[in-house]
Protein chains: 2
Amino acid sequence: MGKRPTLMDVAEAAGVSRALVSIVMRDAPGASEATRLKVQQAAKELGYRPDSRARLLRSSRTRLLGVSFSTSHPFHAEIVDAAYAGATVRGYDIALSAVANGRPESRAVESLLDLGCEALIMISPTLGEDELAGYAARLPVVSLLRDDVGESLDSVSSDDDAGIRIALEYLSSLGHQRIAHVDGGDAVSSPQRREAFRAGMAGRGLESRVIPGGATEEDGLRAGRELLEDLPTAVLAFNDRCALGIWESFRAAGLRVPEDVSVLGYDDSQFARLSYVQLSSVSQDAPLLARAAVDRAIDRLEGSTPPAHLVRTPHLVIRNTTGPAPK
Amino acid sequence: MGKRPTLMDVAEAAGVSRALVSIVMRDAPGASEATRLKVQQAAKELGYRPDSRARLLRSSRTRLLGVSFSTSHPFHAEIVDAAYAGATVRGYDIALSAVANGRPESRAVESLLDLGCEALIMISPTLGEDELAGYAARLPVVSLLRDDVGESLDSVSSDDDAGIRIALEYLSSLGHQRIAHVDGGDAVSSPQRREAFRAGMAGRGLESRVIPGGATEEDGLRAGRELLEDLPTAVLAFNDRCALGIWESFRAAGLRVPEDVSVLGYDDSQFARLSYVQLSSVSQDAPLLARAAVDRAIDRLEGSTPPAHLVRTPHLVIRNTTGPAPK
DNA sequence: TGGGCGTCTTAGATCGTTCTATAGACTGGC
DNA sequence: GCCAGTCTATAGAACGATCTAAGACGCCCA
């Protein structure tokens, strides 16, 4: 296993000094076109790649954004994907750290800090406000998909109130009056959506029925069975996976969706888009949120803007699981 | 944003030298119990955390394992999870790098290299043998879930031949003779499974029917529709997601599973385990494979064992989508 | 011809660690 | 009372990059 070449090696090969090679490698001003070519040539021949440990250590700016995500949430992967794209465009790099089984969020974040990240993007953080504030005192922190994080952090989230309102408006316009909400249990943003649902129904003079649910198909399945006892004409689920469970429990009971009952999801995740599912859903447009979070983090870093809470309005994606209320 | 404390700060606070603090922080021998306590106390008060960039740069051993995974494959997240657990047990750390949209595998790997990883674990690598060999010449590389990677890499994979054989034995024992295989298209390990299926069927004197499929529900759905034209008594799918699509197309056609036709998946992923799905499946036991890959990487690093190709035999998980062949 | 200026280049300090070599203190054996 | 041996502590050189300040060089103009 041969040692990897260093700046010094390239310098010797090209017959110049270390510093000059450094200048060329980072496209900094201070080298003539001729030497630039000569150095690049030598670097390529040696297969030189700058050692990011050394680079990160020395430079004041690491241009590194830390992203924490959860392995148990497939949705997060879509966001990570978009974050990479966004960061690259603005010349930043991304360091990932997962919160996994036996690896709490605090550990994930600490490791990003130790790596020299300049800003943090936390996807659906579960830490308490004070802990988050502790981190935010050291560097810009952007909370993605959760907005009740205090004034010292940025947040980029989707307007849950608006999302639920849009959903209810749509269902109302289809003639639905007996609408049930299966909530997200103790999932992040479940309380907001639940309250928005209650408020929206109250505003229409309708009775709000909330069934305890959760973030997974299992939870939806359980809630769906409960709904069967007194079937509403439409169900608004906490998220798509939950909606899928609900849908399934209806199918198992021989009910047709949407003829007998409409089911509306939330997230517009890949599950909703599956051709045989074709779930109507409230879309938060995660890639767009991810881009916004990245931009927010970088803006905080480069300008001196104060933390802000960015809220985007979700929109409805109508597919095949919603229809007019049955007579 | 105050500067974070360094070794030097702790040393001054504790009234000892830098080197001694370093010794204490690494739990290395060479410090008395008394000073150890004193230093630890000072470090805690200052909120000191070692800077991993500097640590990684200086130390010959970084104890870092690089893991590359794909954001578009939910299955990979389960593996990452298990890898973290495995690495922690053996005192190693993990650096993640995702291959995402617009971020090819080579880039993911390079960035892990630049970070100073001592070994690489690549989940279902898609690079060519020669490129992989190029990396393997520099450090131990373990390919996870793919075994045709040449002699210079390690691989930890599941025995596809055995998996298919077990599946066919099981289906045979249930009286199935008209068995179809929906393959994985151009997915990794699709060819192996397809050939194993052909061989197994030939060995039983049965006609093998292979339908082009893929790795997603969509692919399964398409293949399922094709199967409807001449329904077999059992279908062996490339993976669970594909099986789900097949199952769905059968349901849509009013067929009962498993009474009219059995469906068998592959992977035993979280999708198969969903209570309303209860898909019978060939389990590769991914967490176990992940652990094995981590162990393999570390063993290569610590001992001087040559690369090996570890193959684990999958096992069958029988749930509700398989049953006796209809008369 | 020599001083001033801008461009190209370089030496050397620096980032925060780990590591090697060595100094000092203390013990025990002869 | 001295040397060997162990243990604790320290100084100083790495690691591989970036950054600052200053040197070398060419060119123009007086």
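Proteins come first, then strands; the chains are lettered A, B, ... in the order of their sequence lines, and each starts at number 1.
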Assess the side chains of [X] and [Y]: does a donor N or O sit below 3.5 Å from an acceptor N or O?
{"X": "R107(B)", "Y": "Y84(A)", "result": "no"}
{"X": "S97(B)", "Y": "S111(B)", "result": "yes"}
{"X": "S52(A)", "Y": "D114(B)", "result": "no"}
{"X": "S22(A)", "Y": "R26(A)", "result": "yes"}

(request) From the options dA11(D), dG16(C), dA11(C), select the nucleotide whose nearest atom is closest to the side chain of A19(B). (result)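 Of the options given, the side chain of A19(B) lies nearest dA11(D).
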What integer distance in Å separates [X]:[atom1] from [N]:[atom2]?
{"X": "R61(A)", "N": "dC15(C)", "atom1": "CZ", "atom2": "P", "answer": "19 Å"}
{"X": "L7(A)", "N": "dC15(D)", "atom1": "CG", "atom2": "C1'", "answer": "12 Å"}
{"X": "R49(B)", "N": "dG16(C)", "atom1": "CZ", "atom2": "C1'", "answer": "15 Å"}
{"X": "M8(B)", "N": "dT10(D)", "atom1": "CE", "atom2": "P", "answer": "11 Å"}
{"X": "K38(B)", "N": "dT8(D)", "atom1": "NZ", "atom2": "P", "answer": "13 Å"}
{"X": "L56(B)", "N": "dC15(D)", "atom1": "CG", "atom2": "C1'", "answer": "11 Å"}
{"X": "R18(B)", "N": "dT17(C)", "atom1": "CZ", "atom2": "C1'", "answer": "9 Å"}
{"X": "L115(B)", "N": "dA17(D)", "atom1": "CG", "atom2": "P", "answer": "14 Å"}

(request) Output yes when at least one side-chain N/O atom of T6(B) is less than 4.0 Å from OP1 or OP2 of dG16(C), else no. (result) no
(message) Quick check on DNA chain D: between S60(A) and S59(B), whose nearest nucleotide comes earlier from the 5' end?
(response)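 Of the two residues, S59(B) wins.
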(request) Answer with base, sugar-phosphate or nothing: what part of the nucleic acid does S52(A) contact at a heavy-atom distance below 4.0 Å? (result)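 If one applies the 4.0 Å heavy-atom cut-off, S52(A) turns out to touch nothing in the nucleic acid.
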(message) With a 3.5 Å distance limit and no angle check, can you tell me whether Q40(B) reaches the backbone of V24(B) through a side-chain donor-acceptor pair?
(response)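 No, because the side chain of Q40(B) does not come within donor-acceptor range (under 3.5 Å) of the backbone of V24(B).
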(request) Kindly say whether S157(B) contributes a backbone atom to a donor-acceptor pair with the side chain of H309(B) at under 3.5 angstrom? (result) no
(message) Can you tell me whether the side chain of R58(B) and the base of dT18(C) have a donor-acceptor pair closer than 3.5 Å?
(response)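 It does, because a donor-acceptor pair links the side chain of R58(B) to the base of dT18(C) below 3.5 Å.
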(message) Restricting to salt bridge (Lys or Arg N to Asp or Glu O under 4.0 Å), what partner residues turn up for D148(B), sequence neighbours left out?
(response) R146(B)
(message) What residues from residues 20-31 of chain B pass a heavy-atom cutoff of under 4.0 Å to DNA chain C?
(response)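 S22(B), R26(B) - these, ordered by number, are the residues of the stretch whose heavy atoms sit under 4.0 Å from the strand.
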